[in-house]
Number of protein chains: 2
Amino acid sequence: MTAESRADHRPATPPLTERQEARRRRILDASARLAARGGFDAVQMREVAEAAGVALGTLYRYFPSKIHLLVATMQDQLQHMHTTLRKRPPAGADPATRVAETLMRAFRALQREPQLADAMVRALTFADRGVSPEVDTVSRLTTAIILDAMGAEQPTPAQLSAVRVIEHTWHSALITWLSGRASIAQVKIDIETVCRLIDLTAPERPHR
Amino acid sequence: MTAESRADHRPATPPLTERQEARRRRILDASARLAARGGFDAVQMREVAEAAGVALGTLYRYFPSKIHLLVATMQDQLQHMHTTLRKRPPAGADPATRVAETLMRAFRALQREPQLADAMVRALTFADRGVSPEVDTVSRLTTAIILDAMGAEQPTPAQLSAVRVIEHTWHSALITWLSGRASIAQVKIDIETVCRLIDLTAPERPHR
DNA sequence: CGCTAATGTAGAACAAGTTACAGACTTGAT
DNA sequence: ATCAAGTCTGTAACTTGTTCTACATTAGCG
């Protein structure tokens, strides 16, 4: 509402110089690399700084906390995934199938780097109010991916709610899998289950 | 695989003496009290120990980490809630309504102590493999509460999956509310949305 | 070019979770 | 009542996220 929230909006980013862009990238890469090795605990700020060839204070200037860093890492990875998914859109006939397919594809991608996934998702759910804007960005990205798969241009409120529920399920199921409390098969079933909600919101087949 | 994992199984609880039971209770109470004040960060192990009148080492003997402590605190609070809910079962006509009503009731209870809720839920989702058994206990408790509300004695696999999805949504929605990224109204809608999954699994009305 | 503010560096210092340890206290069996 | 084993206590040390400080480098600008 304030003038600032209209003008600055999200990228309150006074454009970075080339070297700064490079530093940021080195940091994110180091973060992902360490995370892929040993998960959340292995992403130690001193190590990230050293691996990125940057002073600790600088690291903190770019990412004000470990959580911020890992959430940004997740943002980064999600971008990749989104573009990858766009290249080969899901083939299912109805929206629910396509969404389930997309999510399972994403899931399998994460399976390849379970430690990285662990670090990112744990950071995401542990994030407190101070990280809300960044977490929100991740959430919007995820929403975009799901809506893409649904093929919903102008989602109704009911559809948006369904998408939120799917996101909830996605994150939470991921966590239970990562902490070894659910099998992949179970995750698959749950994803498919929650995707049936999409059918309930489809305006196109008023067959009831 | 070892003899121990077969014999000890879960309740590796060599029954506690009275004084030990009392200590455990003091610790859990102190934990809840501190959490209610300042959330996750305010639950500092040294403070919990002091407030409970116990040495730091003892605290760690009872609860091997802060996460264990907070998950146990959540277990404790859930017990309360379960017995409270049993006293006044939800009144809705169909299962979906009853579950939604129950969850919103629980939600309003948590609203009264948002900081406590924050501490418990953050601990729950942050828990790693080492806390799986305890987290699983919480999960089973939640499942029991939901099944109670459904009135499902012999849930089918499809129903169990729906319940898991509802749990996922419940936790995740709670988190987004606690971190200020969703309103109570939105949580309510999402809970109601996900509860419609129950209708899809009801074996009693094969009206399709 | 030369100045100034912003940015980066190195390293110390601090905070809170966790571990380690030496000595006192309990408990349960004899 | 006594002894051994197991618990507790008090306290210090260690780890890792975070903050702070003093100095060096860089970038933009006149």
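Below, all heavy atoms of this structure are taken into account, side chains as well, without hydrogens, waters or symmetry copies. Throughout, a chain's letter reflects where its sequence line sits, starting with A, and its residues are numbered from 1.
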- Rounded to the Å, how far apart are A:Leu56 CG and C:dA13 P? 15 Å
- Message: Which is more 5' along DNA chain C, the nucleotide nearest A:Val54 or the one nearest B:Tyr60? Just name the residue.
- Response: A:Val54
- Item | Nearest-Å distance for atom pair CD/P, residues B:Gln44 and C:dC14 | 17 Å
- When rounded to whole Å, the CD to P distance for the pair B:Glu47 and C:dA16 reads 8 Å
- Task: Please determine if a side-chain N or O atom of A:Thr58 lies less than 4.0 Å away from the OP1 or OP2 oxygen of C:dT9.
- Result: yes
- Task: Examine D:dT16: is either OP1 or OP2 under 4.0 Å from a nitrogen or oxygen in the side chain of A:Arg46? Give yes or no.
- Result: no
- Using 4.0 Å as the upper bound for N to carboxylate O, is an ion pair formed by B:Glu50 and B:Arg46? no
- Item | Side-chain donor-acceptor pair present, B:Arg19, B:Thr17, cut-off under 3.5 Å | no
- Quick one: do B:Arg140 and B:Asp136 make a salt bridge, cutoff under 4.0 Å? yes
- Message: Closer than 4.0 angstrom, basic N to acidic O: yes or no for A:Arg196 and A:Asp94?
- Response: no
- Query: Within the structure shown, what part of the strands sits under 4.0 Å from B:Val48 by heavy-atom distance: base, sugar-phosphate, or nothing?
  - Reply: nothing
- Would you tell me if any nitrogen or oxygen in the side chain of A:Tyr62 comes within less than 4.0 Å of OP1 or OP2 on C:dG8? yes
- Message: From CD of B:Gln20 over to P of D:dT9, roughly how many Å is that when rounded to an integer?
- Response: 11 Å
